[in-house]
Amino acid sequence: MAVLYGVIAIFLLLIISSFIFSIILRFTSTQESSLGVITTIISFITLFVGGFITGRKGKEKGWLIGTLTGVLYTFIIFLFQYLGYDSLFSLEQIIYHVCYIITAMMGGILGVNMSTPNTRNA
């Protein structure tokens, strides 16, 4: 269930950022090609936040549930691309999605560690 919360958060954040980018492109003279790096950075931040939410909700095995969040996101994107556009991932997209999975995993690890109280004796 925690993975579902993370994936929903990822898609909500991506929808919001897409809306903001579309407004920027519509009402300014900014070109789509100039937003490439910013879009990539926002994608990584979004996957990290989704993994973090998953870790906070799951409360244990952050590396596993974060990885599952990234894999589920990648699977949904793959299905959308394959079924909607009849194309497979390119090598560049595979590299991006492996990095997305790793980023979500790191978010899951941090989310678990931020949600559990520190039980060490000082």
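These numbers come from a predicted model, not from an experiment.
- Summarising the local packing, CZ of F89 is surrounded by more than 12 heavy atoms from other residues, nucleotides or ligands at distances under 6.0 Å.
- To the nearest 0.5 angstrom, T103 atom OG1 is 12.0 Å from Y96 atom OH.
- Think of L91 as one node in a network of Ile, Leu, Val, Met, Phe, Trp and Tyr side chains linked at under 4.5 Å; its network also takes in I95.
- Taking Ile, Leu, Val, Met, Phe, Trp and Tyr as hydrophobic and joining them when side-chain heavy atoms fall under 4.5 Å apart, one finds F19 in a cluster with I23, F27.
- Follow the hydrophobic side-chain contacts under 4.5 Å out from V49 and you never reach V112; the two are in separate clusters.
- Scored by the side-chain hydrogen bond (donor to acceptor under 3.5 Å, both in side chains) test, T74 finds H97 as partners (sequence neighbours excluded).
- Remark: S87 engages Q81 in a side-chain hydrogen bond (donor to acceptor under 3.5 Å, both in side chains) (not counting sequence neighbours).
- Linking ILVMFWY side-chain heavy atoms closer than 4.5 Å, directly or via other members, places Y73 and V3 in a single hydrophobic cluster.
- For residues 41-70, the ring-ring contact (aromatic ring centres under 6.0 Å, His included) pairs, not counting sequence neighbours, are F44-Y100.
- Inter-residue side-chain proximity for L72 and L68 is flagged as unmet; no heavy-atom pair is nearer than 4.5 Å.
- The distance from the CD1 atom of I45 to the CD1 atom of I38 is 10.5 Å, given to the nearest 0.5 Å.
- In this view, S29 satisfies the side chain to side chain contact (heavy atoms under 4.5 Å, CB included) rule with no residue, not counting sequence neighbours.
- One finds the CD1 atom of I109 at 10.5 Å from the CG atom of L64 (value rounded to the nearest 0.5 Å).
- Across all their heavy atoms, T28 and T30 have their closest contact at OG1-OG1, 3.0 Å.
- Note that CZ of F21 and CG of L35 are 6.0 Å apart. Values are rounded to the nearest 0.5 Å.
- Under the 4.5 Å side-chain contact rule for hydrophobic residues, Y85 and I77 do not share a cluster.
- When hydrophobic residues (I, L, V, M, F, W, Y) are linked wherever their side-chain heavy atoms come within less than 4.5 Å, the members clustered with V71 are I101.
- To the nearest 0.5 Å, the span separating CD1 on I65 from CE on M105 amounts to 12.5 Å.
- Across all their heavy atoms, A2 and G58 have their closest contact at CB-N, 3.6 Å.
- Rounded to the nearest 0.5 angstrom, Y5 OH and T54 OG1 are separated by 11.0 Å.
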Which atom pairs, one a donor and one an acceptor, fall under 3.5 Å between side chains of residues 6-18 and the rest of the protein, sequence neighbours left out?
residue : atom : partner : partner atom : Å
S17     : OG   : L13     : O            : 3.2
S17     : OG   : L14     : O            : 3.1
S18     : OG   : L14     : O            : 2.8

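- Using a 4.5 Å cut-off between side-chain heavy atoms of Ile, Leu, Val, Met, Phe, Trp and Tyr, with links allowed through other members, L88 and I76 fall into the same hydrophobic cluster.
- Checked against side chain to side chain contact (heavy atoms under 4.5 Å, CB included), S33 has the following partners two or more places apart in sequence or in another chain: Q31.
- Under the 4.5 Å side-chain contact rule for hydrophobic residues, I94 and L79 share a cluster.
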